[in-house]
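Report on the following structure.
We name chains A, B, ... by the order of the sequence lines, and we start the count at 1 in each one.
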There are 2 protein chains.
Amino acid sequence: MTRWLNVGEQAVWRVFLESHQMFFDQIGRELQQESGMPHTYYEVLVRLSEAPGRRLRMSELADRSQSSRSRLSHAVSRLEESGWVRREACPSDARGAEAVLTDEGFAALEAAAPGHVESVRRHLFDPLSPEQVRQLGEISRVLSDHLRAAGGTPHDCS
Amino acid sequence: MTRWLNVGEQAVWRVFLESHQMFFDQIGRELQQESGMPHTYYEVLVRLSEAPGRRLRMSELADRSQSSRSRLSHAVSRLEESGWVRREACPSDARGAEAVLTDEGFAALEAAAPGHVESVRRHLFDPLSPEQVRQLGEISRVLSDHLRAAGGTPHDCS
DNA sequence: ACCCGATCGTTGAACCCTCAACTGTAGTGG
DNA sequence: CCACTACAGTTGAGGGTTCAACGATCGGGT
């Protein structure tokens, strides 16, 4: 019954697993060491910095940063303690909350960005050929489209 | 100074990040729900099951499962509580310990495998063309070779 | 006006991972 | 034989994530 992986698929799966593990561990460790924040929190700050008024509803922010609502709620609590984000009540919906990027948060992001971009470049774009970068983009697009269709929203789905 | 990402690189990086996050969240969640173990632990059981005598030195096991020594130590402790692995003293080196896969552990792995393989197939191999699978393997190989050269062993490096 | 299901967001417990510090043993040079 | 460094593995604290449960509000149907 089970459609087992053949030898070639096995090999691809294993090296894929290995490279992702190594890559994200490395990227995350470098960001943590240089800027004192996990990659997830960096993503949150980025999405906020791009939003008009540097503010977003919690659930919009969760969607844009591929985070569950719960994870984001914890993350924003932590980021509030660092003084990088603050919560504000949402005027149009009494249930809602908005996360607002503070000036300190924006400064922290500006300080973290160059080193992080350099990490990504060194470990991802430099070793790959332009053609491989293109392929990786296309592969990623197919996978995330497929997952979005099959899995609904990232987490907390029905 | 900073070599910022151009528009195309930005787009590739973001969709890559997104697909990675969604994919591993999905795979991990399915494995956790169906078999009650995180993907990391599954990997540990797999490596043990492939070793002669279904046993390996802790640090060899750590290397093969892309894990830090610390992580593996915690993981094996947890797996011992489940009765899936046991520790034995290493005869040739009094510092060392061996992790041994128990029959219950092997059975748990056999029970988990079909569902996990199915997840991987559904979310990775099915949506990609054979050519894309080949490309993904090659890209992954380049990245992990590069990281191994630049970063030393996975974690706990000097 | 009222109910009721859906949505927004939070909380706490359990779990996993990281990091740094630590124990104990191996191997090596004097 | 004695340091002394290097190695194997563990431990505990701190922090991030998940999951399920919860309080609160919204909005449509009656």
Side-chain angles (χ1 to χ4, degrees), chain A residues 21-22 24-44 56-63 65-82 85 87-99 152-158, chain B residues 21-22 24-44 56-63 65-82 85 87-99 152-158:
Chain A
Q21 183 90 29
M22 293 178 78
F24 284 99
D25 280 4
Q26 187 67 31
I27 292 290
R29 187 164 33 249
E30 290 181 9
L31 183 59
Q32 180 73 44
Q33 283 181 353
E34 292 173 17
S35 311
M37 66 180 108
H39 187 256
T40 317
Y41 289 18
Y42 181 86
E43 276 303 305
V44 169
L56 280 174
R57 286 291 292 271
M58 289 296 285
S59 70
E60 182 62 24
L61 182 53
D63 289 349
S65 52
Q66 268 79 56
S67 173
S68 70
R69 281 148 164 53
S70 169
R71 176 152 96 198
L72 181 66
S73 188
H74 287 295
V76 167
S77 298
R78 204 85 180 69
L79 289 169
E80 265 188 312
E81 291 174 17
S82 309
V85 169
R87 274 183 238 252
E88 287 187 7
C90 176
S92 62
D93 185 340
R95 294 169 301 179
E98 282 182 343
T153 29
H155 305 66
D156 288 348
C157 49
S158 65
Chain B
Q21 184 91 28
M22 292 179 78
F24 284 99
D25 281 4
Q26 187 67 31
I27 292 290
R29 188 165 32 249
E30 290 181 9
L31 183 59
Q32 180 74 43
Q33 284 182 352
E34 293 173 16
S35 311
M37 66 180 108
H39 187 256
T40 317
Y41 290 16
Y42 181 86
E43 275 303 306
V44 169
L56 280 174
R57 285 291 293 270
M58 289 296 283
S59 60
E60 182 62 25
L61 182 53
D63 288 349
S65 52
Q66 267 80 55
S67 174
S68 70
R69 283 151 165 43
S70 170
R71 176 153 95 199
L72 181 65
S73 187
H74 286 296
V76 167
S77 298
R78 205 83 181 70
L79 289 168
E80 266 189 312
E81 291 174 16
S82 309
V85 169
R87 274 183 238 252
E88 287 187 7
C90 177
S92 62
D93 185 340
R95 293 171 301 181
E98 283 182 343
T153 30
H155 305 66
D156 288 349
C157 49
S158 66

Self-check item: B/Leu56 CG - D/dG9 C1' separation (whole Å)
Solution: 15 Å
Quiz item: Roughly how far, to the nearest 0.5 Å, is CG of B/Leu56 from SG of B/Cys90?
Solution: 11.5 Å
Exercise. In whole angstrom, give the distance that lies between atom CD of B/Glu98 and atom P of D/dT10.
Key: 12 Å
Exercise. Measure the distance from CD on B/Glu81 to C1' on C/dC16 and round it to the nearest whole Å.
Key: 13 Å
Exercise. Taking only heavy atoms on the protein side, list every residue of residues 34-44 of chain A lying under 4.0 Å from any atom of DNA chain C, sorted numerically.
Key: none
Exercise. For A/Ser77, check side chain to side chain donor-acceptor pair (under 3.5 Å) against everything at least two apart and list the hits.
Key: A/Arg87
Self-check item: A/Gln33 or A/Cys90, whichever maps to the more 5' nucleotide of DNA chain C
Solution: A/Cys90
Please produce a list of atom pairs where a protein N or O lies less than 3.5 Å from an N or O of nucleotides 1-5 of chain C.
none

Exercise. Respond yes when some side-chain nitrogen or oxygen of B/Arg71 is under 4.0 Å from OP1 or OP2 of C/dT18, and no when none is.
Key: yes
Quiz item: Expressed in angstrom and rounded to an integer, what is the separation of A/Gln32 atom CD from D/dG15 atom C1'?
Solution: 9 Å
Quiz item: Can you find a pair of side-chain heavy atoms, one from B/Gln66 and one from A/Asp25, that are under 4.5 Å apart?
Solution: no
Practice problem: Starting at atom CZ of B/Arg78, determine the distance to atom P of D/dT10, rounded to an integer number of angstrom. | Solution: 16 Å
Quiz item: Can you check the A/Asp25 CG to C/dC16 P distance for me, whole Å?
Solution: 17 Å
Quiz prompt | Rounded distance in Å - CD (B/Gln66) to P (C/dC16) | solution = 19 Å
Quiz item: Just how far, in rounded Å, is C1' of D/dG9 from CZ of B/Arg87?
Solution: 8 Å
Heteroatom pairs (N/O) under 3.5 angstrom, protein to nucleotides 6-8 of chain D:
residue, atom, partner, partner atom, Å
D/dC7, O2, B/Arg95, NH1, 3.0
D/dA8, OP2, B/Arg69, NH2, 3.3
D/dA8, O3', B/Arg57, NH2, 3.2

Quiz item: side chain to side chain donor-acceptor pair (under 3.5 Å) with A/Glu30: which residues, sequence neighbours excluded?
Solution: A/Gln26, A/Ser119, A/Arg122, A/His123
Quiz item: Taking only residues two or more places apart in sequence, or in another chain, which ones meet B/Arg78 in a side chain to side chain donor-acceptor pair (under 3.5 Å)?
Solution: B/Glu81
Self-check item: OP1 or OP2 of D/dT17 under 4.0 Å from side-chain N/O of B/Arg29
Solution: no
Quiz prompt | Rounded (10°) bend between the five-pair end axes of the helix from C/dA1-D/dT30 to C/dG30-D/dC1 | solution = 10°
Quiz item: What pairs with B/Glu34 under salt bridge (charged side-chain N to carboxylate O under 4.0 Å, His left out), at least two apart in sequence or on another chain?
Solution: none
Quiz prompt | Any residue meeting ring pair (Phe, Tyr, Trp, His ring centres under 6.0 Å) with A/His39, in chain and number order, not counting sequence neighbours | solution = A/His116
Exercise. Enter the distance from A/Leu31:CG to A/Glu43:CD here, rounded to the nearest 0.5 Å.
Key: 9.5 Å
Quiz item: Ignoring hydrogens and angles, are the base of D/dT11 and the side chain of B/Ser70 linked by a donor-acceptor pair under 3.5 Å?
Solution: yes
Quiz prompt | Side-chain donor/acceptor of A/His74 to base of D/dG15, under 3.5 Å | solution = no
Quiz prompt | Test side-chain contact (heavy atoms from CB on, under 4.5 Å) applied to A/Ser59 - qualifying residues, sequence neighbours left out | solution = A/Arg69
Quiz item: Taking only residues two or more places apart in sequence, or in another chain, which ones meet B/Gln32 in a side-chain contact (heavy atoms from CB on, under 4.5 Å)?
Solution: B/Pro38
